[in-house]
Amino acid sequence: MHGVIISNLKKYVIEKLGDPAWDSLCEKAGMPGKAFIPISMYPDSDLDDLVAAAVEVTGQDRDAILQDFGAWVIPPLMKMYRSFIPDDWDASTFLQNVDERIHERVVRMKDENARPPHINVTQLSAGVLSVEYQSHRDMGALALGCVYGVAEYYGEKATLMEQSNGPGTHRTYTVRLSAGSGVKGHQEAI
Ligand code: HEM
C-alpha cells in the first residue's frame, strides 16, 4: 500500500479526532509510533489494522469510515498529483480515466509489482456511470467515497442509484452525476 494513502489517513484522523487519537490507533494496531511517509510503500496489513482500530475506537462500521475517508482524501490527492490531471477534465472524464491515467501511473511509478485497485468506469447514459471495483483489499466503500469526493471537487454531485456485490470483493456502483455547487475545487485552490 502506497504511503500517500496512509499518511493522508493520519491527517484525516487528526483532523476528525485530534492528535492523540492517531497515536492510540497506532498503538491499538500494534505499531506504536510508526512513521508513514508518502513516498514509501507499506504492507497492506498496516492500513487494514489501522482501519480496524478506528472501527474499535469510533464504533462506526468499516464501510462508513472508508467511505468518509475516500471523499475526504480526494482534494489532497488532486493537489499532489495536479500535473497528471488535464485542466479540461470534469468528474465523469476523471472517473473514466482514473485507472489508467492515475492509479497505474502513480502506483507503478513507485513499485512495478504493486497492485493498485481496478476501477473500471463506463458511462451508461448521460450523467450515469457504472463504477466497477475490483481489488484483493476489499475497500469498495473507499472507492464509492472517492467518487463522491471527485464529484464534489468538480462542483458536481454524485448520487448512488444502485449497488451490486460480488463475486468476492467485486463491487459495482451505479451513480448519477448532477449539477452541484458548480464551484470547482482546483479553481478555488489556485
Ligand atoms: C487524484 C486522484 C487519485 C489518486 C492520486 C489516487 C491514488 C491512489 C493510490 C496511490 C493508492 C494506493 C494503491 C496501492 O498502493 O496499491 C490508491 C488506492 C485506492 N484508490 Fe485511489 N487515487 C485517486 C483517485 C481515486 C478514485 C477516483 C477512486 C475511485 C473511484 C479511487 C479508489 C481507490 C481505492 C478503493 C483504493 C484502495 C486500494 C484498494 O482497494 O486496492 N482512487 N489510490
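The residues of the chain are indexed from 1 along the displayed sequence. In each ligand, atom 1 is the first atom listed, and ligand 1 is the first ligand listed.
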Side chain D99, main chain I119, donor-acceptor under 3.5 Å:
yes

I'd like to know if K28 pairs up with E56 as an ion pair, taking the criterion as any Lys NZ or Arg NE/NH1/NH2 lying under 4.0 Å from an Asp or Glu carboxylate oxygen.
yes

Atom 40 (O) of ligand 1 [closest protein heavy-atom partner, distance rounded to 0.1 Å]:
Y133 OH, 2.5 Å

Under 4.0 Å from a heavy atom of M139: give me the atoms of ligand 1 that qualify, with their elements.
35 (C), 40 (O)

Proximal ligand 1 atoms for P116, defined as those under 4.0 Å from one of its heavy atoms:
16 (O)

Just which atoms of ligand 1 are under 4.0 Å from any heavy atom in S135?
39 (C), 40 (O), 41 (O)

Pull out every atom of ligand 1 sitting under 4.0 Å from any heavy atom of V98, numbered as shown with elements.
24 (C), 25 (C), 26 (C), 27 (C)

How far is atom 11 (C) of ligand 1 from its nearest protein heavy atom, and which residue and atom is that?
I5 CG1, 3.4 Å

Checking the side chain of Y153 only, and the main-chain atoms of I74 only, is there a donor and an acceptor separated by less than 3.5 Å?
no

Identify, for atom 5 (C) of ligand 1, the protein heavy atom at the shortest distance, and state residue, atom and that distance.
Y81 CD1, 3.3 Å

Is the CD1 atom of I37 crowded by more than 12 outside heavy atoms at less than 6.0 Å?
yes

Residue and atom name of the nearest protein heavy atom (relative to atom 28 (C) of ligand 1), distance in Å to one decimal
C146 CB, 3.3 Å

Considering the heavy atoms of R115, write down every atom of ligand 1 situated less than 4.0 Å from one of them.
16 (O)

Assess whether a salt bridge exists between R108 and E112, defined as any Lys/Arg side-chain N lying under 4.0 Å from an Asp/Glu carboxylate O.
no

Counting heavy atoms under 4.0 Å, the part of L95 that contacts ligand 1 is side chain

Name of whichever N/O/S atom of H103 is nearest to atom 21 (Fe) of ligand 1:
NE2

Can R105 be said to sit on top of F84's aromatic six-ring, NZ or CZ under 6.0 Å from centre and within 45° of the ring axis?
yes

Is the gap between the ring centers of Y42 and F36 under 6.0 Å?
yes

Please state whether the rings of F94 and W89 are parallel, tilted or perpendicular, taking 30° and 60° as the class boundaries.
perpendicular

Atom 4 (C) of ligand 1 sits nearest the protein heavy atom I102 CG2, 3.4 Å

Nearest-contact summary for atom 13 (C) of ligand 1 - protein heavy atom, Å
V107 CG2, 3.7 Å

Inspect the contact between K34 and D46 and indicate whether a charged nitrogen and a carboxylate oxygen are less than 4.0 angstrom apart.
yes

Quick one: look up the protein heavy atom nearest atom 37 (C) of ligand 1 and list residue, atom name and how far away it is.
L142 CD2, 3.5 Å

Between D90 and T93, do the side chains contain an N or O donor and an N or O acceptor separated by less than 3.5 Å?
yes

Short version for V121: what comes under 4.0 Å of ligand 1, heavy atoms counted, is neither

Does a side chain donor of either Y12 or D68 reach within less than 3.5 Å of an acceptor in the other side chain?
yes

Which atoms of ligand 1 sit under 4.0 Å from any heavy atom of I74?
24 (C)

With distance as the sole criterion, is a donor-acceptor pair present between the side chains of H136 and D44 under 3.5 Å?
yes

In the protein, which heavy atom is nearest to atom 38 (C) of ligand 1, and how far is it?
R137 NH1, 3.4 Å

One residue to check: F94. Relative to ligand 1, which of side chain, backbone, both or neither has a non-hydrogen atom less than 4.0 Å away?
side chain

Does any N or O of ligand 1 fall below 3.5 Å from an N or O anywhere on H2, backbone included?
yes

Contact with ligand 1 for F84, non-hydrogen, under 4.0 angstrom
no

Cluster overlap Y148 with I85, hydrophobic side-chain contacts below 4.5 Å
yes

Of all the atoms in ligand 1, which lie at a distance below 4.0 Å from a heavy atom belonging to V147?
30 (C)

Taking only non-hydrogen atoms of V150 and a 4.0 Å limit, the atoms of ligand 1 in range are 27 (C)

